[in-house]
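Below, chains carry the letters A, B, ... as their sequence lines are ordered, and counting in each starts from 1.
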Amino acid sequence: MLTKAPRGTYDILPQDSIKWQYIESIMKETAEIFGYREIRVPIFEHTELFQRGVGETTDIVSKEMYTFNDKSGRSLTLRPEGTASCVRALIEHSSYAGLLPVKWYYMGPMFRYDRPQTGRYRQFHQFGAEAFGSNNPYLDGEVIMLLLEILARLGLEEYELHLNSVGCPQCRGRYRQKLIDYIQPYQDNLCPDCQARYINNPLRVLDCKNEACHQAIEGYPTLADHLCENCLEHYEQVKGALAQQGILFIHDDGLVRGLDYYTNTAFEIHIPGIGAQSAVGGGGRYNGLVEQCGGPDLPGIGFALGLERLLLAVEKKGEMLLPPPEIDVFVAVMDSAYEAQGMKILQALRGAGIKAEKDYNQRKARAQMKFADKIGARLVLFLGEEEVQKGFVTLRNMRSKEQFQVAENDLLRAVSRTLLID
RNA sequence: UUGGGUGUAGCUCAGUUGGCUAGAGCACCAGAUUGUGGCUCUGGGGGCCGUGGGUUCGAGUCCCAUCAUCCACCCCA
C-alpha cells in the first residue's frame with residue numbers, strides 16, 4: 001500500500017509528461033488565440049459550492065465527491081469539475097463588473113470517486129473554457145469552435161459532435177411533465193434504474209443504454225419539439241452558426257448532460273476507438289448558474305475536455321512529433337582528480353544555455369562513453385591529465401566521430417559552432 | 001453496487017498431469033578494450049511466485065478467502 005498510488009490515480013513519468021506538455025501547450029495556445037485567459041482556482045472548495053452549483057441530484061454530487069472535514073470542521077470537497085469554481089471566482093472578484101464577456105480557461109486535476117477503467121480515473125485532468133456575460137448564439141458557436149480547433153491542432157479528425165438544446169427552466173419543466181406522463185403507462189417495461197428515476201429525472205431515461213427502455217418509450221416526445229419560442233430560436237441560431245462554418249453535428253435528442261445547471265445548448269464530443277468512455281469533451285450553456293450561486297443574473301457557456309481521453313486518442317493516431325531527448329555536451333572526466341574542473345566547465349556550458357551533463361557514479365571512461373551515448377549526447381568533452389596540464393579540452397562529435405582539441409578559453413564558442421553546423 | 005480477465009525479476013512473459021537450487025528476453029552493472037559509444041561475446045546483481053489460510057510427503061501449479069489491477073456495466077471528462 002505504501003508503495004502503490006491510490007486506486008484510480010497514477011504517476012506521469014518523464015517519458016509521458018513530455019506528451020502532456022505537448023497537448024497542454026497546444027490547448028493553451030489555442031485558447032489564447034480565441035481570446036481566453038488563464039484562471040487558476042483552488043483544487044478544493046466549500047462542499048456547498050458543488051452541491052449548489054453542480055446539483056444535488058447529479059451522480060457527481062450524490063455519489064462521486066471526495067468530501068472531507070478540515071481541522072476546524074469545515075466541509076470541503078476536492079473539485080469534481082471546474083465550472084463551479086470559475087463561477088465562484090467570477091462572483092467573488094466581481095469580474096463581471098468589467099468588460100463582458102469574461103473569457104477564461106483553466107487546466108488541472110479533477111476528482112471523482114468512480115470505478116476506474118480505460119480513460120477514467122479518480123484523479124483525472126481537464127482543460128476547460130468558460131465565457132460569461134453574453135447569450136449570443138455565436139458565442140455558443142465560438143466555444144464549440146475553440147474545442148474543435150484544439151482537436152484539429154492535435155491532429156484528431158475523427159470525431160462526432162453531438163448537439164441538443166435542453167431549453168430553459170420554463171419549457172424544460174413543461175416538457176418534463178409531458179415526458180413523465182408519456183412514460184408512466186410503460187413504466188413496468190423499464191429497467192429497474194429507470195423505474196426508480198423516471199419521476200425525478202425523466203430525461204435520464206432517454207439516454208439509458210438499456211435496449212428494453214429504448215423500446216418501451218419509443219416515439220417519446222422530444223425536447224426539441226417542446227422548446228419555447230426563445231429557446232427554439234436560440235438553438236436554430238446556434239445550429240446556423242455552426243453550419244455556416246461547415247461544422248458537422250448530430251442533433252441528439254438523448255443528450256441531456258449529467259449536470260443540472262445546463263440550459264439551452266448542450267454538446268458532447270465523442271471519439272471512437274478509445275474504449276467505452278468515448279466522450280472526450282462536453283459542455284453547454286448555463287444561464288441560471290451564476291445567479292443560483294449568489295451572483296447577478298448572468299449567462300454563461302463553457303466546456304471541458306478530458307486530457308486522459310484526448311491523450312489516448314492522440315496516441316492511437318500516433319502523430320505526436322516529439323523531439324528525442326538530447327544532451328548537447330557530456331563532460332567526461334578521466335580521473336576523479338579533475339571532477340572539480342569538470343564541474344566548472346559544466347557550469348560554464350549550462351550558463352551559456354547549453355544542455356550539459358556529467359557522470360556522478362565513478363564510471364570509467366568507457367562506461368562514461370556508453371552513458372553519454374545512451375542519454376543522446378551530441379558532443380563529449382574529455383578532461384584528462386593531458387588536457388588539464390596543457391589547458392585545453394578534447395571534443396568528440398558523437399555522430400561523425402570527429403575529435404579535436406580546443407583551448408579552454410575558446411570552449412563556448414567552439415561548442416556552439418559545432419552544435420550549429422552538425 | 002454487479003460481471004469477467006489477470007497477479008511469477010525493474011519491464012514483457014514462460015513455467016508441462018502438483019515433483020531437482022523458479023527460467024528467458026529486454027533493461028541495469030562489470031569485464032573483454034587500465035583515456036573513447038552504438039555491434040558482439042563473457043560474467044554479475046536482482047524473485048515473501050500479490051497476501052492469508054487449506055489440501056498434500058511435497059504447491060508458482062489444486063481449493064477457499066482477501067487485496068490489487070485491467071476490461072465492461074452505471075455515469076461521465
Inset, instruction - Grab the CD-C1' distance between A:E81 and B:rC75 for me, whole Å please. - result: 15 Å
Inset, instruction - Looking only at side-chain atoms of A:M334, point me to the closest of B:rG35, B:rC70, B:rA77. - result: B:rG35
Inset, instruction - State, without any angle test, whether A:S336 and A:Q362 hold a side-chain donor-acceptor pair at a distance under 3.5 Å. - result: no
Legend entry - Same-atom distance (C1') from B:rU12 to B:rG53, integer angstrom: 31 Å
Legend entry - Length of the line joining A:E268:CD and B:rC75:P, which is rounded to integer Å: 12 Å
Inset, instruction - Can you tell me, in whole Å, how much space there is between the C1' of B:rG19 and that of B:rG58? - result: 7 Å
Legend entry - Sugar-phosphate only, base, or nothing, as touched by A:G281 at under 4.0 Å among non-hydrogen atoms: sugar-phosphate
Inset, instruction - Quick one: label A:G275 by what it contacts on the DNA or RNA (base, sugar-phosphate, nothing), any heavy atom closer than 4.0 Å. - result: sugar-phosphate
Inset, instruction - Quote, to the nearest angstrom, the P distance that separates B:rU2 from B:rA65. - result: 14 Å
Inset, instruction - Would you mind reading off the distance between A:K4 atom NZ and B:rU69 atom C1', rounded to a whole angstrom? - result: 7 Å
Inset, instruction - Quote, to the nearest angstrom, the C1' distance that separates B:rU8 from B:rG47. - result: 8 Å
Inset, instruction - Measure the CG-NZ distance between A:L383 and A:K344 for me, rounded to the nearest 0.5 Å. - result: 11.0 Å
Legend entry - Below 4.0 Å: OP1/OP2 of B:rC70 and any side-chain N or O of A:T118: no
Inset, instruction - Report the distance from atom CG of A:L78 to atom C1' of B:rA77, rounded to the nearest whole Å. - result: 17 Å
Inset, instruction - Answer yes if the side chains of A:E408 and A:Q341 hold a donor-acceptor pair under 3.5 Å, and no otherwise. - result: yes
Legend entry - Residues A:Q292, A:Y286; criterion side-chain hydrogen bond (donor to acceptor under 3.5 Å, both in side chains); working and verdict: CA-CA 10 Å; A:Q292 196 184 330; A:Y286 41 84; over 6 Å; no
Inset, instruction - Figure out the CD/C1' separation between A:E64 and B:rC76, and round it to whole Å. - result: 7 Å
Legend entry - Same-atom distance (P) from B:rG46 to B:rG10, integer angstrom: 12 Å
Inset, instruction - Report the relative orientation of the aromatic rings in A:F303 and A:F127; use parallel for angles under 30°, tilted for 30 to 60°, perpendicular for over 60°. - result: tilted
Inset, instruction - Hunt down the Watson-Crick or G-U wobble partner of B:rU66, both distances under 3.5 Å, from any strand shown, or write none. - result: B:rG50
Legend entry - B:rG35 base stacked by A:F382 (centroids within less than 5.5 Å, tilt under 30°): no
Could I get a table of every N or O pair under 3.5 Å where one atom is in the protein and the other is in nucleotides 38-44 of chain B?
{"from": "B:rG38", "atom 1": "O4'", "to": "A:D373", "atom 2": "OD2", "distance (Å)": "3.1"}
{"from": "B:rG38", "atom 1": "O6", "to": "A:K401", "atom 2": "NZ", "distance (Å)": "3.0"}

Inset, instruction - Go ahead and name the base partner of B:rA30; Watson-Crick or wobble counts if both distances stay under 3.5 Å, otherwise write none. - result: B:rU42
Legend entry - Distance, rounded to the nearest Å, where A:M110 contributes CE and B:rA77 contributes C1': 9 Å
Inset, instruction - Find the distance A:N397:CG to B:rU36:C1' and express it as a whole number of Å. - result: 14 Å
Legend entry - No-H, no-angle donor-acceptor pair, A:E387 side chain to B:rG35 base, under 3.5 Å: yes
Inset, instruction - For the residue pair A:F330 and A:F371, categorise the inter-ring angle as parallel (less than 30°), tilted (30 to 60°) or perpendicular (more than 60°). - result: tilted
Inset, instruction - Report yes if a donor N or O on one partner sits less than 3.5 Å from an acceptor N or O on the other, where the partners are the side chain of A:Q368 and the base of B:rU36; otherwise report no. - result: no
Legend entry - Check: A:R120 side chain, B:rC74 base, donor-acceptor under 3.5 Å: yes
Inset, instruction - Classify the side chain of A:R7 versus the base of B:rA68 as yes if they form a donor-acceptor pair under 3.5 Å and no if they do not. - result: no
Legend entry - Side chain A:Q277 and base B:rC75 donor-acceptor under 3.5 Å: yes
Inset, instruction - Please state how far atom CG in A:D335 lies from atom P in B:rU36, giving the value in whole angstrom units. - result: 14 Å
Legend entry - Donor-acceptor pair between A:Q123 and A:T9 side chains, under 3.5 angstrom: no
Inset, instruction - Describe the nucleic acid contact of A:F127 in one word from base, sugar-phosphate, nothing, applying a heavy-atom distance below 4.0 Å. - result: nothing
Legend entry - A:Q51 side chain to A:V61 backbone, donor-acceptor under 3.5 Å: no
Legend entry - Complementary nucleotide for B:rA72 - Watson-Crick or wobble, under 3.5 Å: B:rU2
Inset, instruction - Kindly check if the number of other-residue, nucleotide or ligand heavy atoms within 6.0 Å of CD (A:E32) is above 12? - result: yes
Inset, instruction - Output the single nucleotide from B:rC28, B:rA30, B:rC76 whose closest atom is nearest the side chain of A:R309. - result: B:rC76
Inset, instruction - Could you give the distance separating B:rA77 and B:rC11 at their C1' atoms, to the nearest angstrom? - result: 30 Å
Legend entry - P atoms of B:rC74 and B:rA27, separation to the nearest Å: 44 Å
Legend entry - Under 4.0 angstrom between A:R363 side-chain N/O and B:rA30 OP1 or OP2: no
Inset, instruction - Could you tell me whether the side chains of A:Y338 and A:E385 share a donor-acceptor contact shorter than 3.5 Å? - result: no
Inset, instruction - Have a look at A:E386 and say if it touches a base, only the backbone sugar-phosphate, or nothing, with a 4.0 Å heavy-atom cut-off. - result: base
Inset, instruction - Determine: side-chain N/O of A:R115 to OP1/OP2 of B:rC74, distance under 4.0 Å, yes or no. - result: no
Inset, instruction - Nearest-nucleotide wise, let me know which of A:P6 and A:Q126 is further upstream toward the 5' end of RNA chain B. - result: A:P6
Legend entry - Sugar-phosphate only, base, or nothing, as touched by A:E308 at under 4.0 Å among non-hydrogen atoms: nothing
Legend entry - Rounded distance in Å between the P positions of B:rG18 and B:rC57: 15 Å
Inset, instruction - Using only side-chain N and O atoms of A:Q117, determine if any of them is under 4.0 Å from OP1 or OP2 of B:rA72. - result: yes
